[in-house]
Amino acid sequence: MSAQETILDVKNLRTLFLTRKGIVPAVDGISFSVRKGKVTGLVGESGCGKSVTSLSIMGLIPQPPGKIAGGEILFEGRDLSKLSYKEMCRVRGKDISMIFQEPMTSLNPVKTVGYQVGEVLRIHQRDVADAEVRRRVVEMLDLVGIPEPESRVRAFPHQLSGGLRQRVMIAMALICDPKLLVADEPTTALDVTIQAQVLKLMMDLQRRIGTSIILITHDLGVVAETCDDVNVMYAGSIVEQGDVFNIFRNPSHPYTRGLLRSIPDTGGTGRKERLFSIDGMVPSLTDLPPGCRFAPRCTQARESCFKEMPELVPVGEGHFVRCNRAREAC
Amino acid sequence: MKRFILKRLLIAVPVLIGITFVIFILLNVVPGDPVALMMGERMSPEIIERVRHQMHLDDPWPVRYVRFLAGAVQGDLGESYKLQRPVADLIVGAFPVTLKLALAAALVAWLIGIPAGILSAVKQYSLTDNFFMGLALTGVSMPVFWTALLFQYVFALKLGWLPVAGFYSAKHLIMPALVLGWSSSGLIARLTRSSLLDVMRHDYIRTARAKGLRNVPVILRHALKNALLPVVTVMALQIAFLLSGSVITESIFNIPGVGRIAVGAIQNRDMPLLQGAVLFTTVLVILGNLAADVLYGWLDPRIRYE
Amino acid sequence: MHDDERVSDNKMKTPDSGQGIAPEKIEVKKDDVETLFGDVFRAFQKNRSALVGLCVVLFITVLALSAPYVLSHDPYTMNLDNRNQPPSEAHWFGTDTYGRDLMARVIFGARISLVIGLIPAFLATCIGSILGVASGFYGGKTDFWIMRLADVVLAFPSLLLAMVIMYTLGANLFNIFIALSIVGWASTSRIVRSQTLALKEKEFVEAARALGVKKRTIIFRHILPNCLPNIMVVFTMSIPSAIMQEAGLSFLGVGAQPPTPSWGLLVSQGKEFIFSAPWVAIIPGVAILILVLAFNFMGDGLRDAIDPYMKD
């Protein structure tokens with residue numbers, strides 16, 4: 001991963017939420033980078049901080065109660081967390097755009113989809129003519145596979161199905177040819193059959209436009225199909241980092257191994273085995289254990305694991321693990 | 001959309017029948033004898049009895065109710081005891097005045113309330129927010145008749161800008177409209193604020209921000225229309241509130257509208273006139289509710305394209 | 001993002017639900033209930049304007065109760081040589097048209113406004129709650145008729161309906177109770193009904209029904225107690241509107257009758273002299289404003305304190 005081919009470099013990012021019950025370190029010092037034209041996955045259970053990471057990159061953390069307390073978000077060398085509000089507005093939607101989890105609620109119910117897609121163009125290219133906006137919106141809707149795009153521009157969101165709405169969201173995100181696309185669980189809310197279609201569409205477009213993608217998901221199946229690099233997150237920090245082959249062939253963190261074993265095996269063998277599950281719950285972020293955050297749930301934890309927080313250490317070429325027992329385990 | 005309007009109309013019908021019934025019961029049945037009330041207690045029983053018979057007041061009340069209803073449908077609300085003129089004529093004559101006052105007041109309320117609500121919501125918990133919301137609550141807490149007197153004292157007596165009372169020119173409308181509008185602007189401001197804050201939490205606002213849209217256009221283009229939808233519904237409540245307020249405002253500023261007719265009818269114990277004025281006003285409220293529903297349906301595409 | 005917050009929130013409430021054993025779990029629940037009321041109380045306390053409102057209401061109440069013992073003037077004694085006097089050392093608020101001490105009349109008026117605020121608001125809340133629960137719980141025809149009745153009442157401009165009732169019953173203080181109760185119950189019943197409908201679907205109500213608990217018992221044991229916080233808010237909010245309506249009725253001459261020192265009546269009597277002796281009308285109005293504002297602040301604070309728990 002040399003510097004010239006990375007587009008986004010997150011360094012030691014810390015995002016806090018100030019709540020009535022105390023400070024919640026939703027993202028606690030994570031570092032990762034996104035390579036140009038590649039798909040980087042952020043994987044973890046709900047509550048691990050992956051969505052907060054994506055909103056921090058977009059500068060969309062609601063403040064208050066949220067606050068980026070430290071670290072850098074280097075996008076093409078510029079630190080996004082230091083940009084002014086106006087500068088950030090010029091980045092959002094043009095250089096970096098985002099797809100959200102909920103297609104049902106992420107579109108404005110009282111505006112036509114054509115308006116909502118075209119608005120992105122109008123924001124970032126002031127002098128563009130109405131006819132041109134319309135032409136490109138129709139073109140874009142066609143590109144994301146919406147049938148009859150000429151008439152659908154006048155449709156309201158409630159007249160479209162969930163899958164079509166998510167396609168509209170994708171059209172909206174890609175119409176300005178962004179350099180980076182942040183997709184936060186883009187297929188989770190969709191039917192299983194639609195999920196595969198939407199995912200395939202995203203990947204096709206990614207290859208065509210050459211956009212880099214941060215894909216946030218809890219679904220390792222999706223990761224295996226789409227990602228080049230993977231970051232596994234647990235309780236606000238990254239526990240394992242590497243390319244997709246390392247993670248799937250040689251998972252080195254007990255949590256990653258647990259996640260992989262919890263995928264239902266449909267691959268032909270037909271073994272009647274009870275599905276594995278990781279015991280216990282994600283710890284409360286206001287009341288984190290002093291040692292390794294996964295230790296209370298870890299089957300291999302030793303006494304030392306409860307005392308000291310392990311560092312992220314290399315276990316192979318571009319493969320890092322935050323576990324005291326990483327070296328001996330593999 | 002057509003079905004939506006039809007459904008609203010169907011709901012309005014039983015309510016309409018209900019109000020005629022309530023008004024009739026309250027004014028005709030409970031005290032028993034409007035004639036005695038009208039003519040005073042010292043009148044001899046024989047005369048009262050004769051008048052009762054002349055006015056068909058000795059019929060059983062269901063018969064009188066049906067007669068009242070049939071008359072009302074044809075626009076016949078009886079004759080005023082005191083003024084000896086058809087009630088319907090008196091009310092239709094006074095209605096444009098009340099309408100002017102109510103519309104002007106509504107305009108004032110919206111012009112004050114909506115911007116104040118938006119500013120408060122945008123700057124939530126700031127000094128501006130606290131100031132406007134404190135002011136709104138004060139506005140809600142000021143009795144209309146007292147505000148009116150205060151305005152008369154300040155703007156008519158001390159400053160001499162506006163006429164004290166009466167209804168002869170547009171200038172005469174300003175003070176009553178300000179008083180009445182002010183009294184409901186607080187409610188509008190509070191509602192606009194809470195509705196806008198609620199809308200700002202929706203996912204599509206985050207989507208709009210993710211597009212790179214700045215705060216002001218996010219609010220104006222994406223939040224405001226959604227936020228004002230519930231405010232439109234309250235417009236219906238406002239109609240009832242403004243008409244209640246106009247009863248007091250009209251009697252203080254001596255404006256010859258329906259509200260002053262109602263107050264005058266009470267003072268003169270003029271039952272048919274009171275009955276007509278109340279019926280007319282309440283029907284107006286129901287029509288206003290209907291209009292607000294239709295407007296809501298038209299503004300919200302989720303209903304419009306059903 | 002929402003996901004993250006929600007999950008961490010749950011975790012906060014039951015920190016060790018993972019290895020919890022039965023008795024511990026019960027304790028956790030008890031704690032939760034206590035913190036609910038504790039939180040509401042704390043949230044109310046934090047709301048400074050609500051506290052100020054409460055203090056003002058208490059102050060006015062004490063003043064009204066102790067009025068006969070602390071006032072040097074009687075509110076009914078006329079002194080025709082001393083009419084429409086401006087505020088002075090002897091008469092802090094001045095005197096009214098009949099030379100009566102305005103301060104004494106305003107303070108005695110507070111008694112009326114407080115009683116008027118509390119009793120009709122209480123009656124209206126009771127009627128509205130009972131009808132609302134019945135409407136929501138029994139559904140069907142009961143629901144239909146109660147709600148249509150509420151529609152009818154709400155269709156009237158409230159002051160106009162109260163005026164007609166007062167016209168029919170006759171203008172005196174007691175009839176104001178009746179009129180304002182009749183006018184006020186409808187909005188309460190709608191709120192309580194919708195909450196009853198929501199509660200009806202909750203597991204603990206379903207469980208009670210499945211166990212064959214009598215309907216009336218379910219209403220009084222399970223539904224009403226859970227509606228209580230909301231009913232409290234509605235009650236607090238309807239006090240100021242009752243005070244305002246009484247003032248309006250009395251101002252128009254269909255409420256309290258002279259020489260009762262009702263605030264609305266005081267303003268009405270003063271309005272003739274608004275240009276020569278403005279204080280006679282202005283001061284009682286200020287009194288209305290202060291009391292109503294104090295109740296409104298209180299109601300707002302209470303609603304804000306209770307609201308987060310109403311959503312779930």
Side-chain angles (χ1 to χ4, degrees), chain B residues 11-12 14-19 21-23 26-27 30-31 37 130 133-134 137-138 140-150 152-153 156-157 164 203 206 237 239-248 251-252 259 262-263 265-267 269 271 274-275 277-278 281-283 285-286 289, chain C residues 1-2 49 53 144 148-171 182 187 240-241 243-245 247-248 250-254 263-264 267-268 270-271 274-275 278 281-282 284-297 299-300:
Chain B
I11 294 176
V15 175
L16 218 59
I17 294 172
I19 59 156
F21 192 68
V22 168
I23 293 172
L26 277 176
L27 288 175
V30 176
L37 269 172
N130 286 336
M133 284 306 109
L137 207 57
T138 312
V140 170
S141 307
M142 283 162 72
V144 178
F145 52 83
W146 181 73
T147 318
L149 289 174
L150 211 60
Q152 283 184 331
Y153 183 72
L157 181 78
V164 178
D203 288 348
R206 195 177 54 187
L237 281 171
I239 298 163
F241 187 84
L242 285 175
L243 290 173
S244 269
S246 72
V247 173
I248 290 177
S251 67
I252 288 190
V263 175
I266 285 184
Q267 281 158 0
R269 303 227 144 259
M271 192 278 286
L274 178 61
Q275 179 175 272
V278 175
T281 311
T282 311
V283 170
V285 171
I286 292 175
N289 285 351
Chain C
M1 214 239 82
H2 286 287
S49 50
F144 179 84
R148 290 300 80 76
L149 198 61
D151 285 346
V152 169
V153 172
L154 288 173
F156 284 99
S158 52
L159 186 73
L160 219 52
L161 181 59
M163 269 167 60
V164 173
I165 297 171
M166 292 305 290
Y167 170 86
T168 298
L169 298 178
I182 294 175
S187 52
S241 74
I243 294 174
M244 287 282 251
Q245 276 173 344
S250 298
F251 178 85
L252 289 173
V254 288
W263 286 346
V267 177
S268 168
K271 76 167 188 281
I274 183 69
F275 296 136
I282 300 295
V286 174
I288 302 175
L289 171 63
I290 290 173
L291 186 61
V292 169
L293 194 60
F295 272 116
N296 273 334
F297 271 129
D300 264 16

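Below, chains carry the letters A, B, ... as their sequence lines are ordered, and counting in each starts from 1.
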task = Show your working on side chain to side chain contact (heavy atoms under 4.5 Å, CB included) between B:Leu26 and C:Leu161 and close with a plain yes or no.
result = CA-CA 10 Å; B:Leu26 277 176; C:Leu161 181 59; 3.9 Å; yes
Closest contact, heavy atoms only, [X] versus [Y]:
| X | Y | result |
| --- | --- | --- |
| C:Ile282 | B:Trp146 | O-NE1, 2.9 Å |
| C:Ala155 | B:Thr282 | O-CG2, 3.5 Å |
| C:Asn296 | B:Ser141 | ND2-OG, 2.9 Å |
| C:Pro157 | B:Leu243 | CG-CB, 4.3 Å |
| C:Val152 | B:Val15 | CG2-O, 3.8 Å |
| C:Leu289 | B:Thr138 | CD1-O, 3.8 Å |

Is [Y] close to [X] at the side-chain level, that is, under 4.5 Å between some pair of heavy atoms?
| X | Y | answer |
| --- | --- | --- |
| C:Met163 | B:Val263 | yes |
| B:Val285 | C:Phe156 | no |
| C:Phe251 | B:Ile252 | yes |
| C:Leu252 | B:Val247 | yes |
| C:Tyr167 | B:Leu27 | yes |
| B:Leu137 | C:Asp300 | yes |
| C:Lys271 | B:Phe145 | no |

Where does [X] contact chain C at under 4.5 Å (heavy atoms): side chain, backbone, both or neither?
| X | answer |
| --- | --- |
| B:Gln267 | side chain |
| B:Ile19 | both |
| B:Val140 | both |

Spacing of C:Ile288 atom CD1 and B:Met142 atom CE [to the nearest 0.5 Å] = 11.5 Å
request  = Could you check which of B:Val278, B:Val144, B:Leu150, B:Leu16 has the highest count of heavy-atom pairs closer than 4.5 Å to chain C?
outcome  = B:Val278
C:Val267 versus chain B, the contacting section by heavy-atom distance below 4.5 Å = both
query = What part of C:Val153 lies closer than 4.5 angstrom to a heavy atom of chain B: side chain, backbone, both or neither?
reply = neither
